[in-house]
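All values below come from the heavy atoms of this structure, side chains included, with hydrogens, waters and symmetry mates left out. By convention in this document, chain letters (A, B, ...) are assigned in the order of the sequence lines, proteins followed by strands, and residues within each chain are numbered from 1.
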Amino acid sequence: MEYNFREIESKWISFWQANNSYQVSEDSTKEKYYILDMFPYPSGAGLHVGHPLGYIASDVLARYKKLQGYNVLHPMGYDSFGLPAEQYAIQTGQHPAVTTEENIKRYRSQLDQLGFCYDWDREVRTSSPEYYKWTQWIFKQLFDCYYNEKSDKAERISILIEEFEANGNTKIQASHDCEIEFTSIEWKSFDSEKKEAVLQNYRLAYLADSWVNWCPELGTVLANDEVINGKSERGGHPVVQKKMRQWSMRIKAYAERLLQGLGQIDWTDSLKEQQKNWIGKSVGCSVIFNIEGYDSPVEVFTTRPDTIFGVSFMVLAPEHPYVEHITTESNKKAVLNYQQAATKKSERDRQSDVKSITGENTGAFAIHPLSGEKIEIWIADYVLASYGTGAVMAVPCGDQRDYDFARHFDIPIKNIFADVDLSEAAHTDKTGILKDSAFLDGCSVPEGIKKSIETLELKGFGKGKTNYRLRDAVFSRQRYWGEPFPIYYKDELPYAVEDQNLPIELPKVDSYLPTQEGEPPLARAAKDSWNYFAGDRMEFNTMPGWAGSSWYFLRYMDPSNENEFVSKEKSEYWKQVDLYIGGAEHATGHLLYSRFWTKFLFDQGYISFEEPFHKLINQGMILGKSSFVYRIADSNTFVSKGKLQGQDTQAIHVDISLVENNKLNIEDFKKWRKEYADASFILEENGDYICGDEVEKMSKSKFNVQTPDELIQNYGADTLRLYEMFLGPIEQSKPWDTKGISGVHNFLRKCWRLYCNPEGESIVQQGQEATKAALKTLHKTIKKVTDDLDRYSLNTCVSTFMIAVNEFTEQKCKNLEVLEQFLILLAPYAPHFCEELWMKIGKEEGSLFAANFPVFNADHLVEDSFDYPISFNGKMRFKANLSLSLDRTEVQKEVENMELTKKWLDGKTPKKVIVVHGKIVNIVV
RNA sequence: GCGGAUGUGGUGAAAUUGGUAGACACGCUAGACUUAGGAUCUAGUGCCGUGAGGUGUGUGGGUUCGACUCCCUCCAUCCGCACCA
């Protein structure tokens with residue numbers, strides 16, 4: 001019988017399931033290897049061919065490591081809280097848990113078809129109460145900790161309280177937003193409300209009024225990484241700034257460690273660079289400027305304190321709280337107008353309108369801390385309220401924005417750089433020598449920075465300081481389908497629910513919409529709908545999507561532990577993830593937050609490693625090929641691509657199942673949608689309708705989604721696995737095209753014929769000695785496959801398999817030792833296929849993955865002669881087979897005497913002959 | 001504007017420390033077989049040229065006996081950030 005993939009694959013999938021073949025447990029006699037896929041959100045659309053790309057890669061590598069003798073942890077689960085299920089609930093009233101359950105079933109059956117070696121006993125779902133109990137528990141730990149900058153780690157809030165009781169907050173070094181200073185006596189005089197309000201400024205998970213990205217359409221706030229160009233990442237809805245009382249995570253406290261940790265992990269440069277930019281460290285100095293006739297000074301941050309004598313004005317953000325106090329009477333009207341105009345402009349407008357220079361003079365003056373000069377104070381929206389102190393000292397000679405602003409408003413530009421021309425632009429390079437700068441005259445930039453900070457600190461007008469662009473992450477969402485907070489309120493003060501009452505389960509509600517008062521959906525829950533209720537009310541917000549995904553890799557190690565989120569013993573064994581595969585879109589979201597939580601859990605001693613993912617591979621996106629029909633404007637007539645000229649048409653996506661090789665199936669198209677039933681067509685000469693095409697992201701709305709189901713039906717999972725790997729390097733994006741799939745399918749069939757006759761009986765022979773040629777092919781393949789898998793070059797292995805099978809076929813190889821070894825090499829890619837043949841050649845059923853991965857033996861590759869390429873001036877002209885026992889001068893002699901050499905020399909004498917033994921001969925003419 | 005990545009046949013791509021550019025496939029061309037099929041097999045296939053040969057890895061330059069690979073310049077595409085003081 002021919003290769004019957006359908007029968008074989010369903011047989012082995014049930015075999016593995018029945019035998020629990022992929023169950024793993026901790027085994028101290030074996031070295032561990034933890035390989036992880038980013039778990040999916042189970043959407044209603046199911047898997048398309050792009051999803052499995054990473055899963056196949058991780059499965060190949062997991063099976064490879066297993067064959068090499070590692071104890072491999074390779075789990076899978078679902079990031080099952082999320083907006084789509086909730087939107088569906090709002091529309092239909094169906095509980096999101098029901099929708100989610102259905103979607104998970106579909107995902108699971110699709111995943112099962114592909115023959116993955118996941119240990120499904122370890123499955124986690126972020127939306128299951130057994131799981132989110134521990135998400136809530138970790139939240140509680142964050143709530144109960146602050147960041148001690150002296151010990152540089154998170155510590156319990158009780159330690160902070162002791163410190164407050166002993167010394168107040170004047171000496172403490174901690175990450176905080178506390179704007180007041182108090183002594184121990186004052187602290188003790190505070191009532192509990194006041195105390196808690198202070199503590200909120202220190203807790204790592206805290207409640208605060210903050211400016212948030214509010215998305216009215218989604219009815220919730222979004223984190224910075226969920227907002228792209230002023231629109232929501234999901235759905236593309238507008239986002240506005242709003243001040244709201246929200247839970248936040250003090251991730252800023254970890255900014256420096258998150259930055260430093262990048263040095264210890266093996267991620268791509270682009271990903272590290274993205275995180276680096278997101279953290280946005282800048283080192284400089286804060287400088288204090290007194291204001292004429294106003295009590296409080298303005299603090300500014302600068303990275304160039306060396307240019308302090310180049311300051312010719314100061315700019316505040318329009319929102320700066322001082323503006324209303326310092327503006328002079330005569331300027332009040334203009335300033336107020338400007339402020340109002342600025343608030344009306346959305347963040348997005350302000351960013352897109354970078355070119356036009358606007359601002360207003362407040363009429364107030366600051367006093368230069370070193371020269372004592374009077375400096376105009378302006379407001380302008382190029383200064384952001386949310387970065388630094390919302391104020392800058394403007395140095396037009398050294399900063400292009402300040403320069404442009406000064407030019408626009410005719411503010412004098414001081415030149416403090418020797419021999420620098422400022423007529424065209426500012427001198428923004430960190431080069432040159434300072435002049436007209438008092439004690440800084442003659443300094444280079446680094447010298448100037450050092451000296452200016454020293455002086456400012458000495459005089460009490462400044463302090464060396466490091467700023468980060470990273471903001472604290474807003475942690476609450478006004479939605480239903482997320483983790484409830486383990487928090488209740490008494491007199492509007494938040495209290496943590498006791499551990500024994502966790503999890504706080506999602507209560508039943510009558511609708512998934514906000515209340516009339518604009519409270520989140522959980523506010524609809526009746527008191528007795530909660531499984532636990534305390535105080536005046538429970539927290540109404542839920543946690544954001546990244547809560548559950550920030551620690552899920554830990555839960556896989558110990559998924560059913562009811563007493564701990566993970567036992568110390570198990571996390572000690574599995575440790576960090578060795579290889580993590582997933583999309584690059586999580587660069588500043590999930591991948592940053594999980595690093596943050598991991599560091600926190602490390603600080604608190606729950607785990608012994610500080611970075612969650614050692615090696616990370618971003619798989620490229622598989623793009624779809626969309627097809628288009630062209631409709632004449634305001635008509636129901638469609639024009640074929642070749643007839644478009646001179647027509648006013650509109651391109652419309654058409655379902656790719658209606659199109660073959662760009663040719664539209666007109667009958668099916670008419671049936672596709674009612675409105676097209678009586679469409680008319682302008683066709684090509686041969687009567688075809690030819691569609692346009694374009695490579696785009698796969699999506700339902702573009703009708704270009706290719707599911708794996710159909711391909712598995714036609715070619716089998718092993719073919720699909722091989723094909724997706726064969727497409728190209730894993731990190732690269734590529735358009736999906738099924739044209740090449742027959743190539744890998746034919747390869748499997750050809751390989752099958754190597755083992756079986758047409759009756760399906762094994763033709764592999766035992767007891768004969770393998771030929772030299774067969775051993776050479778085998779060991780060449782072992783070496784290449786091992787090397788390639790070790791550097792994650794999964795595509796080149798497939799070519800190597802093809803070459804091997806071509807060679808074995810040519811050699812008519814039937815040798816058992818050779819062919820059984822080859823099956824092990826191929827098994828990570830085509831597990832069902834190889835298990836079947838493994839059995840056919842007489843091995844124990846299902847024992848393939850207990851075998852040892854073949855080991856390369858260089859002896860089989862030793863040759864006694866080599867086909868030297870003979871090149872002239874670096875151009876290969878012919879080849880000469882020469883014994884490898886010849887040394888360099890002997891090779892040269894042989895080559896020089898050859899007829900072909902004489903022909904190419906054409907009577908000339910060679911200037912030089914380069915012989916690289918066993919590699920090449922190059923003759924320079 | 002800044003940062004990162006990538007540019008190789010008609011297509012997906014390979015070439016790991018500088019050493020035969022285009023492996024392996026798809027597609028295409030011709031042929032064989034044929035129960036006419038999306039099966040199998042054989043030969044060919046970077047481009048120009050009948051040929052000898054020339055030419056060729058985004059562009060232009062450099063280093064080298066020798067460059068897809070190293071250095072400089074410019075161009076294109078994709079991704080990220082974007083008034084961050």
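A straight line from CD of A:Glu585 to P of B:G80 spans 10 Å, rounded to a whole angstrom. Rounded to whole Å, the distance from CE on A:Met621 to P on B:U6 is 17 Å. Look at CG on A:Leu592: it is 13 Å from P on B:C81, rounded to the nearest Å. What separates CZ of A:Arg304 from P of B:C84 is a distance of 14 Å, to the nearest Å. Taking atom CD on A:Glu724 and atom P on B:A13, their separation rounds to 14 Å, with Å as the unit. Taking atom CG of residue A:Leu722 and atom P of nucleotide B:A25, one finds them 13 Å apart after rounding to whole Å. If you take NZ of A:Lys430 and P of B:A85, they are 8 Å apart, rounded to a whole angstrom. A:Ile914 places its CD1 atom 7 Å from the C1' atom of B:G66, with the value rounded to the nearest Å.
In this structure, A:Asn795 reaches the B:A14 phosphate: one of its side-chain N or O atoms is under 4.0 Å from OP1 or OP2. A close approach under 4.0 Å does occur between a side-chain nitrogen or oxygen of A:Arg877 and OP1 or OP2 of B:G54. Contact check, A:Arg469 against B:A82: a side-chain N or O comes under 4.0 Å of OP1 or OP2. Within the structure, every side-chain polar atom (N or O) of A:Asn618 is placed at least 4.0 Å from both OP1 and OP2 of B:C79. Between A:Ser282 and B:A85, a side-chain N or O to OP1/OP2 separation shorter than 4.0 Å is present. The shortest distance between the side-chain N/O atoms of A:Asn806 and the OP1/OP2 oxygens of B:A25 is below 4.0 Å. For A:Lys903 and B:G53, the shortest distance from a side-chain N or O to OP1 or OP2 is below 4.0 Å. Distances shown here put every side-chain N or O of A:Gln274 at or beyond 4.0 Å from the OP1 or OP2 atom of B:A5.
Taking only side-chain atoms of A:Ile920, from C-beta outward, the nucleotide of B:G19, B:G54, B:A14 with the closest atom is B:G19. Residue A:Arg753 has its side chain nearest to B:U40 when only B:G27, B:U20, B:U40 are considered. With B:C65, B:A23, B:U40 as the choices, the nucleotide that has an atom nearest any side-chain atom of A:Val924 turns out to be B:C65. Across B:U20, B:A15, B:C83, the shortest atom-to-atom separation from the side chain of A:Pro869 is found for B:U20. Residue A:Arg401 has its side chain nearest to B:C83 when only B:C83, B:A15, B:G4 are considered. Closest to the side chain of A:Asn922, from the set B:A85, B:A13, B:G66, is B:G66. Among B:A85, B:A25, B:A39, the nucleotide with an atom closest to any side-chain atom of A:Arg749 is B:A39. Listed nucleotides B:C81, B:G38, B:C83 differ in distance to A:Tyr382; the shortest reach to its side chain belongs to B:C83. The listed nucleotides are B:C84, B:A5, B:A23; the one nearest the side chain of A:Ile803 is B:A23. With B:A85, B:G19, B:A15 as the choices, the nucleotide that has an atom nearest any side-chain atom of A:Thr796 turns out to be B:A15.
No contact: A:Pro735 has no heavy atom under 4.0 Å from any strand. Backbone-only contact: A:Ser270 has heavy atoms under 4.0 Å from sugar-phosphate atoms and none from a base. Note on A:Lys879: a base of the nucleic acid sits closer than 4.0 angstrom, heavy atoms only. Across all strands, A:Phe878 comes closer than 4.0 Å to no nucleic acid atom at all (heavy-atom distances). Here A:Glu731 lies out of heavy-atom contact (under 4.0 Å) with every strand. Heavy atoms of A:Trp904 sit under 4.0 angstrom from primed sugar atoms or phosphate atoms, though from no base atom.
Taking the O4'-C1'-N9-C4 or O4'-C1'-N1-C2 dihedral as appropriate, B:G38 has a value more than 90° from 0 and is therefore anti.
No N or O donor and acceptor, one from the side chain of A:Asn277 and one from the base of B:C81, sit under 3.5 Å apart. Between the base of B:U20 and the side chain of A:Lys919 there is no donor-acceptor pair shorter than 3.5 Å. Side-chain atoms of A:Tyr868 stay outside donor-acceptor range of the base of B:G19, with no qualifying N/O pair under 3.5 Å.
Pairing of B:U55, defined by two Watson-Crick or G-U wobble distances under 3.5 Å, is identified with B:G46. The nucleotide B:C41 finds its pairing partner in B:G31, both defining distances of the Watson-Crick or G-U wobble pair being shorter than 3.5 Å. Base pairing of B:G7 is made with B:C75, judged by Watson-Crick or G-U wobble geometry with both donor-acceptor distances under 3.5 Å. Pairing for B:A82 is absent, with no Watson-Crick or G-U wobble pair whose two atom distances lie under 3.5 Å. Nucleotide B:G66 forms a pair with no other nucleotide shown, judged by Watson-Crick or G-U wobble geometry with both contacts under 3.5 Å.
Using atom P as the reference point in both B:G9 and B:A23, the two lie 13 Å apart (nearest Å). Taking atom P on both B:U73 and B:A5, the two are 15 Å apart, rounded to the nearest angstrom. Distance check on atom C1': B:C71 versus B:G1 gives 26 Å, rounded to whole Å. The same atom, C1', is picked in B:G22 and in B:U8; the two are 8 Å apart, to the nearest Å. Going from the P atom of B:A25 to that of B:A32 covers 24 Å, rounded to whole Å. Comparing B:G27 with B:G12, their P atoms are spaced 15 Å from each other, to the whole Å. One P atom belongs to B:G7, the other to B:U17, and the distance between them is 15 Å to the nearest Å. On the P atoms, B:A52 is 25 Å away from B:A67, given to the nearest whole Å.
Centroid-to-centroid, the aromatic rings of A:His368 and A:Phe309 come within less than 6.0 Å. Ring centers of A:His745 and A:Phe5: under 6.0 Å apart, within the cut-off. The ring of A:Phe405 has its center closer than 6.0 angstrom to the ring center of A:Phe313.
Relative to the six-membered ring of A:Tyr468, A:Lys281 misses at least one condition, a distance below 6.0 Å or an angle of at most 45° to the axis.
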*For side-chain contact (heavy atoms from CB on, under 4.5 Å), just list the numbers for A:Ile870 and A:Leu900, CA-CA rounded to whole Å, side-chain angles, deciding distance to a tenth of an Å, and then say yes or no.*
CA-CA 10 Å; A:Ile870 313 297; A:Leu900 280 164; over 6 Å; no
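Along RNA chain B, the nucleotide nearest to A:Asp788 and the one nearest to A:Thr800 differ in position, and the one closer to the 5' end is contacted by A:Asp788. Residue whose closest nucleotide on RNA chain B sits further toward the 5' end, between A:Asn746 and A:Lys912: A:Asn746.
Residues A:Asp306 and A:Ser452 have side chains that never bring a donor and an acceptor to within less than 3.5 angstrom of each other. Between the side chains of A:Gln811 and A:Thr777, a donor-acceptor pair is found at a separation under 3.5 Å. Side-chain atoms of A:Ser799 and A:Thr796 include no donor-acceptor pair closer than 3.5 Å.
Looking at A:Glu863 and A:Lys776, a side-chain N of the basic residue comes within less than 4.0 Å of a carboxylate O on the acidic one, giving a salt bridge.
Taking 4.5 Å as the limit, every side-chain heavy atom of A:Ile288 sits out of range of all side-chain heavy atoms of A:Val298.
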